[in-house]
There are 2 protein chains.
Amino acid sequence: MNLKQLSEMLGLSQTTVSRALNGYPEVNEATRERVLRAVQETGYRPNKAAQRLATGKAGSIGLVMPTAPGHYSDVHFGEFLTGLGEEAVRHDFHFVIMPADPDDEVGALRRLAISGNVDALFVAYMRGHDPRLPLLKSLSMPFLVHGRSFGTEPDYPYLDIDNEGAFYDATRLLLQLGHRHFCLLNGPGHLDFAIRRNKGVVSALAERGLELPESCVSHMSMTDEHGQLAMERFLQLPEPPTAILCSSTVLALGAIRAVTQAGLKLGEDISLIAHDDVLPHLKPENFSVPLTTTRSSLRAAGVRIAERLIGTVKQDGPFPEQELWKTELIVRASTGAAPR
Amino acid sequence: MNLKQLSEMLGLSQTTVSRALNGYPEVNEATRERVLRAVQETGYRPNKAAQRLATGKAGSIGLVMPTAPGHYSDVHFGEFLTGLGEEAVRHDFHFVIMPADPDDEVGALRRLAISGNVDALFVAYMRGHDPRLPLLKSLSMPFLVHGRSFGTEPDYPYLDIDNEGAFYDATRLLLQLGHRHFCLLNGPGHLDFAIRRNKGVVSALAERGLELPESCVSHMSMTDEHGQLAMERFLQLPEPPTAILCSSTVLALGAIRAVTQAGLKLGEDISLIAHDDVLPHLKPENFSVPLTTTRSSLRAAGVRIAERLIGTVKQDGPFPEQELWKTELIVRASTGAAPR
DNA sequence: GTTCGTTGTCAAAGCGCTTTGGAGTTTCGA
DNA sequence: TCGAAACTCCAAAGCGCTTTGACAACGAAC
């Protein structure tokens, strides 16, 4: 069933039917209702490709999903996507996901943009000096980035959390508890959030005249396995840490395993604060020793980003160009006074 | 830059340029190279919407993502998607993801199909008597389901793992170890895999004249929190279990927490076998007591499904209509002889 | 009675691509 | 030398929709 058939069936022109469907005023209410009823009965749905071709819009936002045989799927990605979807469904928007080799993200993004398949772009996993930013700016298509790109002028629309502040606050709390030996279990070093969290820790330590030696920082993709490995290494250090900052509850999972296996008690021998993205399957309050965390909901960020992006496409704006969300520091049992 | 501009630039007709690009034989090799070079230089990319309108195909597979404010994002979903993507990227296919209220999955699927946005459909999270199946069959669009639908004639293309066999084997192993009191920590009861795993356990027990009382089965969405709750309940039973079958390593995470907190030793006081989807962030060999599992890679299933689906669209087939993958039973330390 | 807005409708152009049905050139065997 | 068979290439139609510009029909205003 297409427009032509529908309009012939109704004895109307395609113009009138189209207008009736799209809420234009210059059509008789009786006619409009007749059309609407026919649509109900026939189950007619406009062909999106044709609609897009004619209008240039089709209610979709595009994103690139890095993927390759050895590439870890990221728990955080799914959670974020759910947030995006939660909002998108309210506006009858959909996503076009272009899988891409991690080495070719820029190319994939360009292809996606000029494929004419999407109205707006979303990018995440920002890196320092991210090469996608210049491309996005040159594209004349709405976009929004989740996170920021360290080292790039922040003159692009983004939504980020205050990673530096979160880890600054967390470190400060641990310092107040008397800790002096810190380790940072961070995400991949080229990612923006990792850079900023690092910075937060370093500057809090610097206020007390302390440093964060390179041997006390680990940069790895955020799986529990990596958490365990890194933690085991930390515990081998000549001066083992009593305080751990951790970029994800997933990493913490592994790290705590290493702590326990070393016969140490979390919250007593060693304190740990992790960043909590509020993953529904991994709640910090459910850890055997409940985790002190910096918290910010990844899903909520997804919802908000979809809201802004869709609003921009529909020109519902104006939206703030840039948003920086504060995190909450929630104290539970995994932090305690430094052992002496 | 569009076809018209490109062809004018080259002094050729649109026909010839189009044919040169799409590998048709009736074009001079020299001309083809000239076209290809121009494409390189200008960065021309055909408009997908137009392509789709003209051909009816556009290299995309569609799926519905259930999502709502209270709805759990599923770790398994992300992992599976990564698998799909891994294969799709090789064929320059992309996904169209339509988020939908969980109550309206059938409607969303229909809308997605007749939107003309996709060449093929994929569905998962199959339920018993799944209402999407009749729709799919009536749609005359290629589709593939992950899993099966209990109670429906299996006359549709699917890829599934042998859930019943897996849990039958697992139960049998535990029986051989002397266990007599079983509990099953299963996924949501309306889902097909949960039904079949239940069946596997029941039939293995029946061979020994044992039953699985309703109080010994839990049906919950697969989060570690639910795992803990259910396990706590099991441990309160007048006759507490010594053997646990568990539908996911995520559930196992919580269950083991409950076991430990109850002062019981995994692999001694209580044995547990979990199904392992090979989630990269949750490896059974890394649990404090390594987990005995039935294993089948979710990502591999994603790759295979994309392969079949894309092959069908491109008519590369023939592919087997139905595939049933065996799982592996891998024995680690979480299973041991029944305590007496 | 003519003129002028309104209102409701339509025919046709156009979005960027593929594909059908030729048509002009060469090539080659008879 | 000629006609048939390749080779190359092209003009135009068509995919299903939106949107522009025009046109009747109808009162209201002059």
Side-chain angles (χ1 to χ4, degrees), chain A residues 1-36 38-39 42-60 92 111 113-119 141 313-315, chain B residues 1-36 38-39 42-60 92 111 113-119 141 313-315:
Chain A
M1 172 66 67
N2 58 26
L3 227 210
K4 191 172 173 192
Q5 294 166 353
L6 184 67
S7 56
E8 275 169 6
M9 197 181 106
L10 285 163
L12 290 169
S13 74
Q14 296 188 39
T15 311
T16 303
V17 177
S18 172
R19 292 203 149 132
L21 290 176
N22 294 318
Y24 281 72
E26 57 268 70
V27 42
N28 193 323
E29 267 316 307
T31 311
R32 189 192 304 276
E33 275 186 25
R34 208 155 64 83
V35 170
L36 257 25
V39 167
T42 59
Y44 165 79
R45 282 254 139 191
N47 179 308
K48 287 271 181 189
Q51 232 167 7
R52 156 163 287 282
L53 194 54
T55 62
K57 306 243 163 279
S60 67
D92 197 24
R111 286 198 300 278
I114 61 185
S115 76
N117 256 331
V118 300
D119 299 328
M141 171 175 287
V313 171
K314 289 190 171 174
Q315 314 202 321
Chain B
M1 171 66 69
N2 58 25
L3 227 210
K4 190 172 173 191
Q5 293 166 355
L6 184 67
S7 56
E8 276 169 4
M9 195 181 108
L10 285 163
L12 290 169
S13 75
Q14 296 188 40
T15 312
T16 304
V17 177
S18 171
R19 294 202 146 135
L21 290 175
N22 294 318
Y24 281 73
E26 59 268 69
V27 41
N28 193 323
E29 269 315 308
T31 311
R32 188 191 305 275
E33 276 186 23
R34 206 155 66 85
V35 171
L36 258 24
V39 167
T42 58
Y44 165 80
R45 282 256 139 190
N47 179 307
K48 286 272 182 191
Q51 233 167 8
R52 156 163 287 281
L53 195 56
T55 61
K57 306 242 162 279
S60 66
D92 196 24
R111 287 198 299 280
I114 61 186
S115 76
N117 256 331
V118 300
D119 299 327
M141 170 175 287
V313 171
K314 290 190 172 176
Q315 315 202 319

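Proteins get letters first, then strands, A, B, ... in listed order; numbering begins at 1 in each.
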Close approaches to DNA chain D from residues 20-33 of chain A, in residue order (heavy atom, under 4.0 Å) |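 Heavy-atom contacts with DNA chain D come from A:N22, A:Y24.
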What residues in residues 43-52 of chain B put a non-hydrogen atom under 4.0 Å from any atom of DNA chain D?
->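 Contacting residues: none.
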Side-chain ([X]) to main-chain ([Y]) donor-acceptor, under 3.5 angstrom:
{"X": "B:S18", "Y": "B:Q14", "result": "no"}
{"X": "B:S60", "Y": "B:N117", "result": "yes"}
{"X": "B:R52", "Y": "B:G116", "result": "yes"}
{"X": "B:N47", "Y": "B:A49", "result": "yes"}
{"X": "A:R34", "Y": "A:L10", "result": "yes"}

What are the bounds, 5' to 3', of the part of DNA chain C that sits under 4.0 Å from heavy atoms of chain B?
->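 Contact boundaries, 5' end first: C:dG16 to C:dG21.
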Could you give the distance from CG (A:N2) to CZ (A:R45), rounded to the nearest 0.5 Å?
->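 Going from CG on A:N2 over to CZ on A:R45, the span is 15.5 Å.
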When all nucleic acid strands are considered with a 4.0 Å heavy-atom cut-off, which category describes A:T55: base, sugar-phosphate, or nothing?
->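 The residue A:T55 makes sugar-phosphate contact but no base contact.
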Counting heavy atoms not belonging to A:K4, are there more than 12 under 6.0 Å from its NZ?
->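 Not buried by this count: 12 neighbours or fewer within 6.0 Å.
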May I ask you to test the A:M141-A:V118 pair for a side-chain heavy-atom distance under 4.5 Å?
->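 Sidechains of A:V118 and A:M141: in contact.
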Flag the pair B:Q5 / B:T42 as yes when at least one side-chain heavy-atom distance between them is below 4.5 Å, and no otherwise.
->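 No - every pair of side-chain heavy atoms lies 4.5 Å or more apart.
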Closest heavy-atom contact between B:Y24 and B:R32?
->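 Scanning both residues completely, I find the closest heavy atoms to be O-NH2, 2.5 Å.
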Residue whose closest nucleotide on DNA chain D lies nearer the 5' end, B:L12 versus A:A54 =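 Its nearest nucleotide lies further toward 5', so the answer is B:L12.
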OP1, OP2 of D:dC10 versus side-chain N and O of B:S13: anything below 4.0 Å?
->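 The answer is yes; a side-chain N or O of B:S13 sits under 4.0 Å from OP1 or OP2.
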